[in-house]
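Have a look at the structure below before the remarks.
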Amino acid sequence: MASQLQDVTETVQITLNGQTLDVAADETLLIAARKQGIEIPHLCYSDHQGQDGNCRACMVEIEGERVLAPSCCRYPAEGMKVDSASPRATKAQQMVLELLKSDVSEQPHTLNSELDYWAGKLDVSAPRFAPREQVAPDYSHPAIAVNMDACIQCTRCLRACRDEQNNDVIGLAMRGHHTEIVFDLADPMGDSTCVACGECVQACPTGALMPADEVALVEPDKQVDSVCPYCGVGCQLTYNIKDDKILFVEGRDGPANNSRLCVKGRYGFDYVHHPHRLTKPMIRRADAPDKHGDFTLDPNDIDKVFREATWEEALDFAAKGFVGIRDSMGPNALAGFGSAKGSNEEAYLFQKLIRTGFKTNNVDHCTRLCHASSVVALLECLGSGAVSNPVADVDKAEVIVVIGANPTVNHPVGATWIKNAARKGHKLVVMDPRRTELAKHADHVLQFKPGSDVPLLNAIMHTIVEEGLVAPEFIAERTEGFDELQAHLKAYTPELMEPICGIPAETIREVARLYATADTAMILWGMGISQHVHGTDNARCLISLALMTGQIGRPGTGLHPLRGQNNVQGASDMGLIPMVFPDYRPVGDDEARQYFEELWQTPLDANPGLTVVEIMDAIHRGELKGLYIMGENPAMSDPDANHARQSLAELDHLVVQDIFLTETAYLADVILPASGFPEKTGTFTNTDRLVQMGRAAVSMPGDARQDLWIIQELARRLGLDWNYSGPAEVFAEIRKAVPHMAGITWDRLENEHGVVYPCFEEGDPGDWVIFTEDFPRGRGKFVPADVVPPDERPDEEYPYVLITGRMLEHWHTGSMTRRSNVLDALESQAVATVHPLTLDEMGITPGDLMTLSTRRGEVSVYARVDEGVPPGAVFMAFCYYEAAVNELSNAALDPAAKIPEFKYCAVKVSPGGEPMQFYSYGGGQANNRLRN
């Protein structure tokens, strides 16, 4: 054990199989041998699950020692003589493999059994021993088949579940001959608390845990390396392809995920092969139902609303409508919604088309609905909207603060780094109105009252100032406005704020001291911070907290707003925002505008454009008549969705570019069938500022086309002479438009795991930690924040608080994940979660139908109990088209960021309701956890 603690640079000299070698003292004999090309059998060891020493397949002989040693957990010592192929060692290895072979059935469950591989290497044939009693398979889980007849109890699955993903579902039960792998309390896997991350499947060496549909028994034609299309973590993965179909997905060792995936990243890809894919351009029929009529979305009815068209006809029709509106009403009668799901190249060309073809800055995307307030505050206070440190820096943070975020659901692989750090003893503070799963790993849980973020954060800062825990040198050298903030905070004592936020004053003081006195402390936040009318103020408080304590600009410190969609960071960097050009340069800045006029060879508008919600309002007022939407679904994602749908229906000309007939596409005049994520090549920027390459793995269906091709063809019809040969040429222009990415080349991205920006010169490694010496605006700025109440408070008629958000199994508006068989089977029905005491108060039983009503509409959903939801509140995800919760949400805006207040509105709840018009996209079965 002592050798494990030696310095990583120390080497010792050993003799291995007759060779004299200098090897690292802190690496095991198994690793040392592998580096020399010497194979030693091993099963319980893997690079990700590490050493365990239980299978004994890796035994080696060490001169002078009476017994053989397991090479996977034995470290070298100076002068040690090791033989992995001596007759004694080989006989022991063969005996272990023969015994293990006798424990498993001859029925294969995978083509890549490591047990079979090593048995073949050591010429171990049929075992001489009687087989053990075989165990019946467990097929209760939609994603994972459990074949315990192949289990050798190596415990790699247990360690993957416990040590990597920190889910603690898998255990080793019983003793001796009766020892077995179990899920929770020996439950069927489908009834357990398994979150279907599939880490155990990836870890299993024998096929005991495999994908449920036996795809592991099919030999892929090819493998394609890419990245995940879901959340902002940016996990790298590998597609396994057979006959132009995705068989299964494996995690790849990327900087953000270290081979880990979540349920969506591992099982959420079959949507690209779904029969609902749009395969032909379509134009709305002249005799189609009125857009203002009943809102239906049965894809089987598509021919009643649209007719097929050629690409020439559809593109000509789309462009003619836009040109007519632009020429008759002016450029500002047009707008565009780009996509955070698309590539950097697509986002760049889309905003360029709106600005140079439509000739307006009315271009926005979903960042307006998720982190706009975070970006506004960061730009105001620091001069940059980017995260300061990567998520994995939590491993260097003595204290980790997670506020207004539920990363185990929204950023599951990112959450594993937080849970790993907490397991190591790092202090974790979780602040949230809901008690999320991450809370069980926390040292302090501050479950504050919904909407009281500013009072809580001001009280924390008051304590830090009052007790002299600030960093005076950092404040003096690198900040401005501290005196004003200090004076402002005097009124926010923990005792006065306690009844407002619901957190005891002493707890507030304790957390303040913990954060301020830590050598390194890091803050991560999500949309629980940003999606409020006071969202910008929330972010300002977090920035001030970091600045006053000097907890920024070093590894293990800083500010990290966890990005929602896979490329929301990149789309923002590309200028898919109405008030800034690429690289966040204001459209009203003469120097910036002149630069882009020269780059794009056209005059540009100097006035900021309209944001997402403002565009909807402008349509309703009759001021905006044409809208081009790529890969967004505002009919589901916008607040007060009925108002958004009404606005979309009022448009003279709506062009939607997507892969499915979404709720928004149903209202279109022209639908352009586009490319799914696994069908395109391009670059994507994750929440860490890491630019990575996504690669096309399968063909597009029917006559669907690449998004880049569609954007270019439409641009040509708008009078733009665009002739980009592909994404690489677009990326070359991005390097000119975004100086922070100037040093990143296409070739480098193709050959590396990704490059983090800022990276100004070719060959630069990029900076994982920024703001180390100064801030882009010069000095960091303290901005005081007053208490601003939510726009709509509960009252006698609407007595509860409605909180909206996401769920683990589905993504955004569900258009992709609800068309994935596994994800749909795991969560197929619309549910809302309520605290058990509140559910009793409502007179509702878990599993019952209930109706949620606000001043804007009502939906009926099934009730699910959740003790983490605060009493007096209801939580619901916005992915269900049959119960679209954003029909209820409040469109009130943060005045600075123009982001809606998704996280708070008044709601009433009634037992019963109209049965939902349920159409199962994926053919999934009813959720077996509905009544849990």
- prompt: Considering only heavy atoms from C-beta outward, does the side chain of Tyr139 approach that of Asn147 to under 4.5 Å?
  reply: yes
message: Between Arg88 and Asp83, does any side-chain N to carboxylate O distance fall below 4.0 Å?
response: no
field: Salt-bridge criterion met for Lys121 and Asp116 (N-O under 4.0 Å)
entry: no
Contacts of type salt bridge (charged side-chain N to carboxylate O under 4.0 Å, His left out), residue [X], not counting sequence neighbours:
X: Arg128; answer: Glu98
X: Arg156; answer: Glu114
X: Arg162; answer: none
X: Arg689; answer: none

Residues which pass side-chain hydrogen bond (donor to acceptor under 3.5 Å, both in side chains) with [X], listed by chain and number, not counting sequence neighbours:
X: Lys396; value: Asp393
X: Lys264; value: none
X: Ser343; value: Glu345
X: Arg423; value: Asn166

Hey, are [Y] and [X] close enough side-chain-wise for a donor-acceptor pair under 3.5 Å?
X: Asp22; Y: Thr11; answer: no
X: Ser86; Y: Glu61; answer: yes
X: Asp52; Y: Asn54; answer: yes
X: Ser259; Y: Asn257; answer: no
X: Thr681; Y: Arg695; answer: no
X: Gln49; Y: Glu164; answer: yes
X: Asp747; Y: Thr745; answer: no
X: Arg266; Y: Gln202; answer: yes
X: Asp225; Y: Thr238; answer: yes

task: Apply side-chain contact (heavy atoms from CB on, under 4.5 Å) to the pair Phe248 and Asp213, showing each step before the final yes or no.
output: CA-CA 10 Å; Phe248 59 94; Asp213 48 8; over 6 Å; no
Do side-chain atoms of [X] reach the backbone of [Y] as a donor and acceptor pair under 3.5 angstrom?
X: His426; Y: Ala397; answer: yes
X: His109; Y: Met210; answer: no
X: Lys419; Y: Gln165; answer: yes
X: Thr110; Y: Gly207; answer: no
X: Asp103; Y: Cys151; answer: no
X: Arg819; Y: His273; answer: no
X: Asp138; Y: Met189; answer: yes
X: Asp764; Y: Gly766; answer: no
X: Ser140; Y: Gly190; answer: yes
X: Glu827; Y: His810; answer: no

Inspect the surroundings of [atom1] in [X] and state if more than 12 heavy atoms from other residues, nucleotides or ligands are less than 6.0 Å away.
X: Lys101; atom1: NZ; result: yes
X: Lys242; atom1: NZ; result: yes
X: Glu78; atom1: CD; result: yes
X: Asp123; atom1: CG; result: no

task: Grab the two heavy atoms, one from Asn17 and one from Ser84, that are nearest each other, plus how far apart they are.
output: OD1-N, 2.7 Å
Heavy-atom pair with the smallest gap, counting every atom of Tyr239 and Ser226: CE1-CB, 3.4 Å
task: Applying side chain to side chain contact (heavy atoms under 4.5 Å, CB included), name anything that partners Glu752, two or more places apart in sequence or on another chain.
output: Arg748, Val755
query: Quick one: side chain to side chain contact (heavy atoms under 4.5 Å, CB included) partners of Arg74, sequence neighbours excluded?
result: Leu29, Ile62, Glu65, Ala69, Met80
How many angstroms lie between atom [atom1] of [X] and atom [atom2] of [Y], to the nearest 0.5 angstrom?
X: Arg260; Y: Thr416; atom1: CZ; atom2: OG1; value: 4.0 Å
X: Asn406; Y: Leu562; atom1: CG; atom2: CG; value: 11.0 Å
X: Phe684; Y: Asn566; atom1: CZ; atom2: CG; value: 6.5 Å
X: Glu39; Y: Leu122; atom1: CD; atom2: CG; value: 10.0 Å
X: Gln94; Y: Ser125; atom1: CD; atom2: OG; value: 9.5 Å
X: Glu214; Y: Leu217; atom1: CD; atom2: CG; value: 5.5 Å

- request: Please step through side-chain hydrogen bond (donor to acceptor under 3.5 Å, both in side chains) for the pair Asp187 and Ser192, ending with a clear verdict.
  value: CA-CA 6 Å; Asp187 297 319; Ser192 74; over 6 Å; no
- request: Check step by step if salt bridge (charged side-chain N to carboxylate O under 4.0 Å, His left out) holds for Lys245 and Asp221.
  value: CA-CA 10 Å; Lys245 302 283 186 183; Asp221 294 332; over 6 Å; no
Check: residues 230-237 side-chain donor-acceptor pairs under 3.5 Å, at least two apart:
unit_1, atom_1, unit_2, atom_2, d
Tyr230, OH, Gly268, O, 2.5
Gln236, OE1, Arg252, NH1, 3.1
Gln236, OE1, Arg252, NH2, 3.3
Gln236, OE1, His753, ND1, 3.0
Gln236, NE2, Gln692, OE1, 2.7
Gln236, NE2, His753, O, 2.4

- prompt: Can you list the steps and then say if Tyr271 with Phe677 is a ring pair (Phe, Tyr, Trp, His ring centres under 6.0 Å)?
  reply: CA-CA 10 Å; Tyr271 73 88; Phe677 185 92; 8.8 Å; no
Please tabulate, for the side chains in residues 168-180, all donor-acceptor contacts under 3.5 angstrom to protein atoms that are two or more places apart in sequence or on a different chain.
unit_1, atom_1, unit_2, atom_2, d
Thr179, OG1, Gly176, N, 3.2
Thr179, OG1, Gly176, O, 2.8

